[in-house]
Amino acid sequence: MRESKILSIVQDFEQGKISRRELGKRFAVLGAGASVASLAVATGSATLGARLVAAQSASEKGYLTCNNEQQATYIQNFNPLGPAGGSIRWLSQFGIYEQLFVWNALTNTATPWLATSWGFNADSSVLTFKLREGITWNDGEAFNADDVVYTWKLLQSNDSLAGNGGRTALQNIDDIVKVDDYTVQFLFHTINTTSVYEVGGQVIVPEHIWSTVDDPVTFTNETPVGTGAWMLDRFEAQIYELKANENYWQEGRPYIPGLRMPAFPSNDSIYLAWLNGEVDWGGNFIPDIDNVYVAKDPDHFGYFFPSTGAVVALYMNHEVAPFDDPNVRKAVSMALDRDQIVNIAMYDYTHPADTTGLSDAFDSVKDEEAKNAGWTTRNVDEANRLLDEAGLTKDGDWRVGPDGNKMSYELNVVSGWSDWVQSCELMAGHLKEVGIEAVVTPYDYTPWFERLSLGNFTMTIGWGFQGPTQLNHFRSLMSERSYYPIGDNRAGENWIRSKDADVDALIDQAMAVSDTEEQNAIFAQMQKRFAELAPCAPLFPGPMWGQFNTQRFEGFPNKDDQYSELSPWQAILAIILNTVYPAGSQPDGWAPAAPEGEGNVPMEADPYTSSATPAA
Amino acid sequence: MSSSLNTTLSNAQTEAAATSPEGPKNQPVRKAKRASGVVGLLLQNRKASIGAFIVVFYVLVAAIGPYLVPYDPTEIVARRHMPPSWEHWFGTDGYGKDVLSQTVVGARSSLATGFIVGAIVTVIGILIGMTAGYMRGRVDDFLSTVINIVLIIPGLPLLIVLAAFLPAGFWSIIFVLSVTGWAWGARVLRSQTMSLREKDFVASAVTVGEGKLRIMLREILPNMMSIVVAGFFGAVNYAIGAQAGLEFLGLGNPSNISWGNNLYWAQNNSAMLVGAWWTLIPSGLSIALVAFGFSMINYAIDEVTNPRLRSQRQTAQILKGQPAKVRKSRATPVLMEGTEG
Amino acid sequence: MSYIIRRAIFYLIAAWASITLNFFLPRMMPGDPGSVLLAKLRGQGDIRPETIEAMMKAYGVSDDPLIVQYFGYMRNILRGEFGVSTSWFPAAVSEVIRTGLIWTIILMGTALLISFGIGSVLGVIGAWKRGSWMDNVTPPVFVFLGSLPYFWIAPLLLFAFAFHFNWFPARHAYNTDLSPNFSWSFISSVIGHMILPVISIVIVSIGGWLLGMRNTMIAILSEDYVTMAEAKGLGSRRVMFGYGARNAMLPTLTSFGMSLGFILSGSLFTEMVFAYPGLGYLLISSVRNLDYPLMQGLFMMITFAVLIANFIIDILYVRLDPRIREG
Amino acid sequence: MSEQRDLVLDVQHLTKHFPMGGMRDARKVHAVEDVTFSIPRTEIVTLVGESGSGKSTTARLISRLIEPTSGEVIYNGTDVLKSQPRGASLDYRGDVQMVFQDPFGSLNPAHTIGYHIERPLLIHKKVSGRKELRERVLDLLNTVGLGPAEETAEKFPYELSGGQRQRVGFARALSVEPKVILADEPVSMLDVSIRVGVLNLMKRLADDSGLSFLYITHDIASARYISDHTNVMYAGRMVEGAPSDELVHEPAHPYTRLLLSAVPNPHAGLRTQETVARGEIPSLIDPPPGCPFAARCPHVMPVCREVMPNAVTIAPNHWVRCHLYGDGGVSPLPTAANSVG
């Protein structure tokens, strides 16, 4: 009976017969038990009703449901520059705010976006960007060079603003100057041509809004004004929705009216949503995806996991004997059965790494000789031979290390990172076969990372370092530039304490040339050096997770149309979301979003720099 | 969850001790001759027998099972997620490891954790509870404040926060569970000690010149054995459940084979989504059964030591054995021991 | 009155102890908040020291001596300031907690009331009909249900009823297409989303209430005044509830008070499994994200809730049971 | 203090106030107030009074189970409270033994009868070697009439009757060869039929073993039967003291008369009590000035409610604390009067 009373009270309220305060009172009269009592009776139908309503309204709006953040509730924060580690709503970057160009790792190309063309001058000291004309912020203001300069100055003057990569480039940049309304120049004090990717990837915020903000670090930017295809529609703790920007500068795009981002707090909840067909696009690790997901609706459910992510590797501390010996490292690497690791821990979503330690993103530029050095293929005999040769002879089942003790080491891993833990368990088994004991030791992330930074470890599994170019890879694993002695916790990348003068010389060369061909030739040299020294034992390139559901929307990148990765957390989401269309209504002449522009071309700086005046 | 159960059991015991000081509960199990006392009653109690059967079964599994299992639980022996078959009675898990072997070997870690924590918690509880209850005054004020604070600070979040800070591992979990788990026992033992120290046998021990320590350990403690034992079982239960919970959350050492980790891996491999129920049932049910076993024993201890809770059937059984008179009443068949004379 | 004052002093000491514990715990452990943040920032790539310093400042990590930090921390707690959450930056911890608090209270409060209600009634009946078929069967059955590991049974229920049969929603506190308001469709959605989590909690927690109530009730029923009431020829319902249950409630109330406070922490697994946006989930995610300020804020919240609930129960108890006033 | 009498124990102005417990509660329970009496060697002295009159507390104060608020306990000429401020010495424990009221509570249900008697022998080093220990135990059991001793030693308290248990209490008290035994209502919880046996045991021990007894009872008839001198306590104070026979035949204090009137007298036949008690025993919490018996006294005068009467000697060794006697304030102190002649 109570629920009918509730219903009538609620109706009264809705019809304006009673005030909110009165409403509260009447509920109180019904007593705390009201909700409980009505629960049993009302719900059967009510839930179903609510669900129907939900399905209806979602389809009425025609919004695409996607998932990226694992959250139970959202905080309304659309500050795309916020500090590292903070909670910024996904799609602030790349969806609402945009970049100068979009890097597509799969095709190894930079798609012009807010900029049409860019390039270095002859001595690589000035990087010039030509901006696209006719773009407006979604509040109607025009976008121009002032916004770009303002954004960069903002980053430069606020150390705790992370931006999205731009901060790294700032280390080499002296000044950012506006040349004219659609030309911006970045003046370098340290030559590093690979910075172009960091500069091009930085999202730009509007000067006319941000110049009024007191503290850009804690600014939550609740109603974001961007140049992107999406604008805020609705924000609730459990969901937020974005609607298409009707005045978007890419005419006709996007093809879909909006996006909904329900909060999925756990893996299980997102899995169930996938299986129920509630999600259209996302990037989740789903175990055994062919059986678990695709099999439920093979016509519409699909995934695309290109192996273009950073390479996961087994790292050995070069300052702990005997791992200072490249042959020992190679032997360890050869002991590993990568096929099994990939099969068991990674569900065959990827494949064993090669001897360059680079992912598939660089397949086209890999040196044949470097990539076939052979020490990432299982070869127990050769491993044993190399270990014997290094003087690590067996005493019973186990080998004896240079210190005279049994070769037994902790194999560090982050607790809870189950694919890594599983990989480590398997590797421990493989190493046992060559007489090395690896004791899998999980640490919480912080202590694990602390150990790595300090060099306080012997063996660990870890991620690789990847960027638009191969530079990061070699810089992190082979260069004195990233080297810190054991005990210095600044070694955020070069955990293994490795350095090679040859590689450093090559890095200098690579950073000075802006021609891609030329650069790649230098990187090939480094690959050879990597194959020779085996600084680590690369295991497998990381798959870039991405699933789609074509019941409602089509046009996602997939195995047959690999126009980009499918992962939703990268800049390429700007391409994907401007490419997908409602199922069954493919636009005429449909093609992946690719705004016009010349892209990377040499740009002479001199005519501009002389007349350049620093922007405010 | 199960701690609330222990709570009520312990409450009832405290109350029983207070209301029936001369009841059979003060007769500890000491000599075979006395087996007709508490142990005898327990043996006749169906609930206790069921509980003991389950617990003993699992203890045996933990003790000798690992030598009998068909496969190495860490070894990949078949394809992943194979349903139960003749080769693999409980099927294989998400990596192709034998679930039966994992369940059997897992019993060892789970029960070991339970018993170790149970022992530590019981010892701490005895030390602190008895000291507080016997010394009274400032010592008691201080200790019982500490006990009550530990009791009132929510355990589960503390457990998780602590487990998050410490390096993952068997002993970390033991430590965390011991730190958070001792206060209940201490509280119950404190109040029990307080009531027992008022007994004349304590006073008479004082007048013949017994020392404090000896009075606590030899005069008072033996009279609280049923509470100590029940508290121990309760703590074992708590530890097994909490360890599994922490491991399930990924806060344990996932390389350690235990029921909690088996479930953690099953969950990680989306056992439910692929319909691999056989990876979930054995470990989950084992935790439930062991907990059920201990709870039933405690339930029976409670029944046996608190005469009010004895059911009619048991009373009848006792009557068959020895002459006694029963006052017929709705709720409480009170057994009056005819020993006067 | 002196009893209440003594209790109040105890709760103040307990509050102080938990604040202190909360402050020192993370600072004693291997990963103190500062280095955690550092690791987190470093993990994001090559960051210059001045950047790190600026960020540490933004996150409120301090270099002051511990004792100075400690008093600052006390001051802030008393003002209700728990700092800035590092994983929800720039949101304040109190703001984050606010998003979850109401859902946890609604969900767990309902579950507690229901399991307490059903468990107590079953306990009363069991005690009244000692040795009956029902009394022999219900305790073991519910003890068994109570033995089921919650984190195990809850996902099974979720999978069966929310996914396989599709009877209930699988996540969230209400339908995401609705906005919170006082409409029937919203309220029914909230209720609908509560059913499955509530059932899961009730199943495992009923046994404790049942046994507690049964044992107390049995003790009460042997009291002379109950026999007297029966002898007077009062109806058995009247005796059972008016004399037995009413007096048995008192000790059970204490456990109820304890549970009331534990609502906030008990929700942990429930919210994780049913993707319910409450404090329990926040706690788990703060642990996973190593968000120490949030972790500490939640821990403080939960502890204070427990202390306050118990203090209220203590006061109620004095009103209900005059004997205790003598202390 | 009279020199011609050999006093084993001399209690002077013994007072015990218990705090009320509350932290801010300054009130005190005046359990024992200004109690003075003595026990000559080999004699049995009785403290008689209703329950709550403070007589058991007095015994516990003397045995030093609790510490008095003020007063002196002079044992063999030394004030033991002063000479052993941190609790009784082992020697004192050995010399002053106690037998408790409750034969069910005073034996530890966890230990055998043998253990109960062994412990004092070992603590006080009365034996050397296992064999002698065994012999002494059996000897003592026989002494108190608990044969066959071999069997009894192996039994647990619950296997004995109340009377047997009380005999164990005596055996234990005797084991250390004490000089004084404080017998706190040793027969009140026993069946009437077996009381005489225990009383006779006491009498025999006093006569044969040169022991002195403080016999505490609410039964004035048994006091007369067993003791040489009887002191009457009411509400924490002594109100009258006299040789036992004299006290029964010529009671002076209205309260003593009240006590006697409650004793069934076969010679007097059935008669209504002439002194009817009205009112309640006064609260011991911060009692008002004046005679504590004023509220119930049939002869109450206005002065009784205002002034505490002094002890007045009305016959040799017979004194009374009542306004009906003497002229108040000039009476000799009860100590002098109380020396039994």
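Labels below follow one simple rule: chain letters A, B, ... track the order of the sequence lines, proteins then strands, and each chain is numbered from 1. Keep in mind that what you see is a predicted model, and the values were worked out from it rather than measured.
Taking non-hydrogen atoms and a 4.5 Å limit, the residue list of residues 55-69 of chain D in contact with chain B, ordered by number, reads D:R60, D:S63, D:L65.
No side-chain heavy atom of B:S204 sits under 4.5 Å from any side-chain heavy atom of D:M98. Looking at heavy atoms from C-beta onward, D:R119 lies out of side-chain contact with B:R218 at the 4.5 angstrom threshold.
How far NE2 of D:H111 is from CZ of B:F201: 8.0 Å, rounded to the nearest 0.5 Å. Note that CG of D:L122 is 9.0 Å distant from CD of B:E210, once rounded to the nearest 0.5 Å.
Checked against side-chain contact (heavy atoms from CB on, under 4.5 Å), D:K126 has the following partners two or more places apart in sequence or in another chain: D:L121, D:H124, D:V176, D:E177.
Of the two parts of D:L90, only the side chain, counted from C-beta on, holds a non-hydrogen atom closer than 4.5 Å to a non-hydrogen atom of chain B.
Under a 3.5 Å cut-off, the side chain of B:D200 and the backbone N or O of D:G105 do not form any donor-acceptor pair.
Nearest heavy-atom pair, B:T207 versus D:R93, reported as atom, atom and distance to 0.1 Å: O-CD, 3.3 Å.
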